[in-house]
Amino acid sequence: MNPNPKLKGQSALVTGANSGIGKAVAISLANDGANVVVNYVAHPEDAQAVVDTIKANGGNAIALQADVSNETQVKAMFQEMYKAFGTIDILVNNAGLQQDSPFEKMTLAQWQLVINVNLTGQFLCAREAVIEFLRRGPVPERSRATGKIICMSSVHEVIPWGGHVNYATSKGGIMMLMKSMAQELAPKKIRVNSIGPGAIQTPINTSAWSTPEALNSLLTLIPYNRIGEPEDIGNLAAWLASDESDYITGTTVFCDGGMTLYPGFSTNG
Ligand code: BGC
């Protein structure tokens with residue numbers, strides 16, 4: 001636990017928190033004093049391991065299963081969360097996946113799975129969180145904002161990505177979901193922002209870093225010349241959920257070592 005926890009007494013739900021970026025975000029929010037729901041859809045043992053890590057650090061967490069693209073399961077998960085922690089202050093819409101394919105070979109099932117989980121899943125969870133924020137209203141001793149939503153987007157909300165058209169489309173959609181929600185909900189003191197990670201070393205992109213050749217090729221896209229660590233995103237999420245960022249809403253914060261600076265243009269164009 002951090003000595004001056006920024007999120008003391010707040011309750012957070014992190015979707016897809018049993019691995020990768022979600023796991024780091026869950027651990028980071030808990031280290032800053034939040035009660036954390038570690039959502040997962042498969043591999044309960046991994047979710048339990050995240051809960052165990054949080055408890056070993058002196059934090060508080062439970063694991064809850066739900067497929068974020070399933071409305072009934074999402075609603076049930078939020079009800080379970082309220083039984084355990086009473087309410088929600090912070091939602092981190094993190095669950096996401098890739099189903100890569102050349103465009104002409106992409107199946108409707110690959111398209112729909114990615115849109116359903118990455119985009120519709122964020123809508124379903126955000127809607128439940130907003131219902132509770134509005135029902136409960138502000139709690140000034142916990143936070144200046146009535147609620148905070150952080151959407152896990154990607155550099156691919158702005159960088160087109162051939163071979164991954166379904167994924168890039170989902171992230172472009174998240175950008176407008178986030179901005180439109182932020183515009184509508186700011187008067188209610190609900191802040192909505194996105195994090196745009198670049199290449200972070202997690203299971204989703206193993207092929208991009210697991211051999212020296214792949215890693216060297218990846219690094220040509222990253223001016224800062226290192227792959228991202230899940231903790232880079234975890235630390236940012238804790239800050240974006242806290243009152244230190246209270247005047248920030250409707251923004252994507254890229255955390256990408258400069259990937260969105262289009263490094264190919266430093267020696268060309
Ligand atoms: C993708 C990763 C990729 C990174 C940078 C992320 O959104 O999930 O597979 O390495 O963007 O291209």
Side-chain angles (χ1 to χ4, degrees), residues 14-26 39-43 46 68-69 92-103 106 110-122 125 150-179 193-237 240 251-266:
V14 184
T15 64
N18 57 339
S19 78
I21 288 175
K23 172 180 174 177
V25 169
N39 159 258
Y40 65 98
V41 65
H43 299 292
D46 293 344
V68 295
S69 68
V92 183
N93 258 335
N94 168 77
L97 46 77
Q98 290 181 212
Q99 290 277 300
D100 307 327
S101 168
F103 185 71
M106 188 174 286
Q110 286 175 316
W111 171 266
Q112 284 176 331
L113 179 62
V114 171
I115 299 296
N116 287 349
V117 172
N118 295 14
L119 184 56
T120 307
Q122 294 216 8
C125 292
I150 298 171
C151 301
M152 206 53 71
S153 183
S154 166
V155 291
H156 298 298
E157 74 171 42
V158 291
I159 303 179
W161 204 18
H164 313 256
V165 167
N166 47 1
Y167 182 86
T169 303
S170 74
K171 297 300 181 178
I174 287 167
M175 177 174 66
M176 276 316 231
L177 171 70
M178 176 278 287
K179 285 181 188 253
N193 292 291
S194 287
I195 294 177
I200 310 297
Q201 189 165 9
T202 71
I204 206 173
N205 58 1
T206 310
S207 62
W209 51 262
S210 54
T211 66
E213 299 73 33
L215 184 60
N216 280 334
S217 154
L218 180 67
L219 290 177
T220 66
L221 299 174
I222 308 173
Y224 204 60
N225 210 35
R226 74 163 170 89
I227 191 166
E229 293 152 14
E231 293 70 27
D232 291 318
I233 307 298
N235 293 333
L236 173 56
L240 213 41
T251 293
T252 298
V253 181
F254 290 103
C255 185
D256 65 353
M259 198 174 233
T260 39
L261 299 174
Y262 297 93
F265 279 83
S266 65

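Both counts, for ligands and for their atoms, begin at 1 and track the order of listing.
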Atom 12 (O) of ligand 1: closest protein heavy atom, distance to 0.1 Å, is His156 NE2, 2.7 Å
Closer than 4.0 angstrom: is that true for some heavy atom of Met259 and an atom of ligand 1? yes
For the residue pair Asn118 / Ser170, report whether a side-chain donor-acceptor contact shorter than 3.5 Å exists. yes
Tell me, which protein residue and heavy-atom name are nearest atom 6 (C) of ligand 1, and how many Å apart are they? Tyr167 OH, 3.5 Å
Hey, can you pull the donor-acceptor pairs under 3.5 Å for the side chains in residues 157-168, sequence neighbours left out?
from: Glu157; atom 1: OE1; to: Ser153; atom 2: OG; distance (Å): 2.6
from: Glu157; atom 1: OE1; to: Thr252; atom 2: OG1; distance (Å): 3.3
from: Glu157; atom 1: OE2; to: Thr252; atom 2: OG1; distance (Å): 2.9
from: His164; atom 1: ND1; to: Asp100; atom 2: OD1; distance (Å): 2.9
from: Asn166; atom 1: ND2; to: Gln99; atom 2: O; distance (Å): 2.9
from: Asn166; atom 1: ND2; to: Gln110; atom 2: O; distance (Å): 3.3

Nearest 0.5 Å please: distance from the OG atom of Ser194 over to the CD1 atom of Ile150. 9.5 Å
In ligand 1, the atoms that come under 4.0 Å of a heavy atom of Ser154 are 6 (C), 7 (O), 11 (O)
Of the protein's non-hydrogen atoms, which lies at the shortest distance from atom 3 (C) of ligand 1, and what is that distance? Trp161 CH2, 3.7 Å
Using a cut-off of 6.0 Å, state whether more than 12 heavy atoms not belonging to Lys23 lie near its atom NZ. no
For atom 4 (C) of ligand 1, what is the closest protein heavy atom, and at what distance to 0.1 Å? Gly198 O, 3.6 Å
Any idea which part of Gln98 is under 4.0 Å from ligand 1, heavy-atom wise: side chain, backbone, both or neither? side chain
Just to verify, what does Ala214 make a side chain to side chain contact (heavy atoms under 4.5 Å, CB included) with, not counting sequence neighbours? Thr211
For atom OH of Tyr262, is the number of surrounding heavy atoms from other residues, nucleotides or ligands below 6.0 Å larger than 12? yes
Quick check on contacts: which atoms of ligand 1 are under 4.0 angstrom from a heavy atom of Ile204? 8 (O)
Short N or O distance, Asn205 and ligand 1, threshold 3.5 Å exclusive: yes
What do you reckon, does Ser153 have a nitrogen or oxygen under 3.5 Å from a nitrogen or oxygen of ligand 1? no
Distance col, row Met152:CE vs Ile200:CD1, nearest 0.5 angstrom, shows 9.5 Å
